[in-house]
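Atoms within a ligand are numbered from 1 in the order they appear, just like the ligands themselves.
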Amino acid sequence: MDFPNGFLWGASTAAHQIEGGNVHSDWWEREWGRVPGAVVETPSGDAADSYHRYGEDMALLADAGLDTYRFSIEWARIEPEDGWISHAAIDHYRRMVDTAIGLGLRPMITLHHFTNPIWFAREGGWHSDAAADRFARYVEAAMPVLEAVDLVCTINEPNMVSVLADPEVGFPSIGLPPGVPAVTDRLIDAHKRAVDIVRGDGCLAGWSVATQAYQPIDGAEQVAAAYGASREDVFLDAARGDDWIGVQAYTRTKIGPEGPLPIPDDAERTLTGWEYFPPAVGDGIRNAWSRAGVPVYVTENGMATADDARRIDYTRGALEAVHACIADGADVRGYLHWSLLDNYEWGSYRPTFGLIAWDRDTFERSPKPSLGWLGEVARANALR
Ligand code: IFM
């Protein structure tokens, strides 16, 4: 199975999940019990210390044969206090961009990946009418990071941000609560403003949506359509006119007449409790391509497992589905695996998604066979 010329192959990460010490962010506050209603099993602490070890991490990615690294820059580091910009943080992320390019990696930068500065959260977060203005001001301030970057993701999984805008909501294993409509509107506004800002500097702008492969059983088609409308489709529709759309797919959600159905007892589950279902990415691509009508990147896809051979099986199955979408005419431009490193899965280190493991005390990196495997696929630009 050959992939199109110029197809990008890479892996994704998010700042809070790997950098460590993100002390000015609202998630750090949650992790240390300072947010009423929020329950977190384990604090992120030093995470993988990728804030200091990013060069080693990127080199492992590049040496394996991959060509693209998606990472996020951290608003809470760049603007730790309302209106005060850290030039040291901007310089840090510029160094990361330079390092990636020096290694032959194309950087894709995410501007917002779940975490907010504490001051932003205290002032209402995405519930505040000032949210889009505050976000746009941060994006303006971050522009020096993007000088040598073309692909920019404004907001990661706005549909999850809308769901998680209330701290007592955790990540569910089946279905999602509906988003908060006013938050959804503000996120779309913030996205459009960020698109204008980064396009002004010549970047290609998009955002990445958590696609959930809502699959109706017979007779539940309308229920599934209504279920997906506020949780997924509104965010895909908002990407019409963007330069690209990101699909982030892991599992499916079967929908019956009353809504999401439980995962059958005999189905294989991953370490996040989700059903093992590699073709989910195909459902996500098809929905994104038909609704947004712009080039698609798979910006996240992977499996939380301690069994790396199973990760390879999963990824092979997912790539078969990506290839089938391309064969059917979808304009898919790249595949970025989640994740480069085992990381902080929003409350715990147990679900391991990484192509690379690391020691919790020494931070020593141990690439897994899946990294080499994906690198070979990338070098061949084909799945054999
Ligand atoms: O770890 C998350 C990531 O932050 C957003 N997309 C889904 C991943 C796995 O849950």
Under 3.5 Å: N/O of Asn343 near N/O of ligand 1: no
Between His112 and Trp126, ring centroids under 6.0 Å: yes
Proximity of Trp27 and Phe114 rings by center, below 6.0 Å: no
Hey, is Glu345 touching ligand 1 through its side chain, its backbone, both or neither, going by heavy atoms under 4.0 Å? side chain
Atom indices of ligand 1, in the order listed, that fall short of 4.0 Å to a heavy atom of Glu157: 5 (C), 6 (N), 7 (C)
In plain terms, say whether Asp313 and Arg316 are close enough for a salt bridge, that is, a side-chain N and a carboxylate O under 4.0 Å apart. no
Can you confirm, on distance only, whether ligand 1 has an N/O atom lying under 3.5 Å from any N/O atom belonging to Trp274? no
For residues 284-303, pull every pair meeting ring pair (Phe, Tyr, Trp, His ring centres under 6.0 Å), keeping only residues two or more places apart or in separate chains. Trp244-Tyr297
List ligand 1 atoms under 4.0 Å from His113, heavy atoms only on the residue side. 3 (C), 4 (O), 5 (C)
Taking only non-hydrogen atoms of Phe353 and a 4.0 Å limit, the atoms of ligand 1 in range are 9 (C)
Less than 6.0 Å separating the ring centroids of Phe7 and Tyr335? no
